[in-house]
Amino acid sequence: MFEKLAEKNNKRQSLALMAQYLNTCFIISTTENEYLVNIEKGVVKNVEKGPFVMPSYVFKLKAPENEWLKFLQHTPQPGSHDIIAMLRRKVLKFEGDLHPLMSHLLYFKLLLASLRPVESRNEN
Amino acid sequence: MKIEKEPISGQYGKFKIDGIDYRIYWEEAGQGIPLVCLHTAGSDGRQYRALLNDKKILEKFRVIVFDMPWHGKSSPPENTRVGNYKLSTDFYISQIMSFINGLELLKPVVMGCSIGGRIILHLAINFPDKFRALIGLQSAGHLDPYYDISWLHRQDVHGGEVCGGIAYGLMAPTSPESDKFETMWHYMQGGPGIFKGDLFFYKFDGNIGNEIKKIDNSKCPIYLLTGEYDYSATPEETKSLADTIGIEMVKMKNVGHFPMSENPKEFLKYLHPVLNKIN
């Protein structure tokens with residue numbers, strides 16, 4: 001579900017430039033799976049699919065799989081179009097040290113939205 | 001070289017608000033019924049550029065947009081410091097009334113978005129006879145915090161980046177990317193702590209409970225329009241508000257929290273019929 005984050009992101013230098021000083025590791029959690037995403041200088045180096053025994057990560061984004069699927073639609077419905085919208089509906093939880101996420105909020109929003117079939121935003 | 005000039009003119013003036021001098025910047029265009037527009041939290045009057053350029057509106061209305069103190073080109077007061085800004089309901093009302101009185105506007109229409117959509121409810125409760133009509137964009141009676149707003153003003157997080165990131169998500173995925181970017185850019189240019197300071201009004205001090213029932217639509221017509229993609233003031237919350245007042249609301253398709261700037265073309269389709277009703 002999120003394995004392609006690395007492939008998509010590496011094609012996009014402008015997105016990486018938005019987070020050129022960011023080195024972090026975070027987890028995207030669905031009901032069924034977990035994905036460990038490793039970012040170096042704004043570039044997604046790799047995505048590992050769980051289960052994990054002792055994953056080291058800084059923060060976690062946790063939502064049921066059906067909510068992630070709604071987020072990843074070509075044109076998401078209201079309330080599913082943004083991670084803060086999902087937070088507002090209490091279907092997504094932010095956990096852990098949120099500093100990397102909040103200090104690069106737009107970057108993470110665009111990174112996740114990059115998995116939508118056809119993106120409704122600028123790309124370089 | 002010939003340039004394409006816009007009909008907008010800008011001006012500065014000194015206004016006394018609650019006994020303190022503030023240097024305020026405003027822009028205006030058009031002639032006729034005064035239409036004062038209130039920008040959202042953490043942004044400035046540039047959000048209303050499309051209205052200030054809309055020929056149809058300018059034939060009937062004098063559109064006036066001021067930057068709130070601390071926002072856009074309006075200055076903070078003298079002898080203050082960074083981190084000292086917190087918008088209260090009383091101060092918000094005072095600045096609007098000072099501006100209207102300063103420009104000697106008689107029975108203007110006031111249209112506000114987000115925090116502006118909230119304050120028009122306070123105006124409707126307290127001064128219904130002062131206005132020709134009130135228009136609320138993204139209005140809700142109250143809002144409980146749903147994220148930690150302390151992230152909006154921390155020295156270890158770039159305020160422009162985080163405020164822009166928050167604003168971006170409030171817009172519809174269907175809105176034009178160039179308009180969304182500019183709307184976000186306004187947020188990225190806000191001063192430190194200003195968006196957060198405005199949200200004190202939006203999420204705490206300006207919340208209205210049962211007082212909504214005091215609004216009498218026969219004294220001053222109220223119009224409520226909300227974008228379907230807004231998760232801050234949702235269409236459901238505006239509907240609840242409208243039901244309490246006893247009026248209809250308009251749910252705007254394909255727009256989010258900043259209809260006038262994120263997708264002005266779509267927004268004007270909804271606004272024109274409302275303005276046609278006002279004489």
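Remember, predicted model here, so these are calculated numbers, not experimental data.
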Listed by number, the residues in residues 228-246 of chain B that come under 4.5 Å of chain A (heavy atom to heavy atom) are E228(B), Y229(B), Y231(B), S232(B), T234(B), E237(B)

Is it the backbone or the side chain of M171(B) that comes under 4.5 Å from a heavy atom of chain A, or both, or neither?
-> backbone

Check each atom of I166(B) against the heavy atoms of chain A and say whether the ones under 4.5 Å are side chain, backbone, both or neither.
-> both

Around atom CG of D148(B), are there more than 12 heavy atoms of other residues, nucleotides or ligands at under 6.0 Å?
-> yes

If every non-hydrogen atom of L105(A) is compared with every non-hydrogen atom of V162(B), which pair is closest and at what distance?
-> CD2-O, 4.2 Å

Contact origin within H99(A) toward chain B - heavy atom pairs under 4.5 Å = both

Other residues, nucleotides, ligands: >12 heavy atoms within 6.0 Å of E3(A) CD | yes

Applying a criterion of heavy atom separation less than 4.5 Å, what residues of residues 82-91 of chain A form contacts with chain B?
-> D82(A), I84(A), A85(A), L87(A), R88(A)

Considering residues, nucleotides and ligands other than K203(B), do more than 12 of their heavy atoms fall under 6.0 Å from its NZ?
-> yes

K251(B) atom NZ: more than 12 heavy-atom contacts under 6.0 Å | no

Donor-acceptor under 3.5 Å (H158(B) side chain, S103(A) main chain) | no

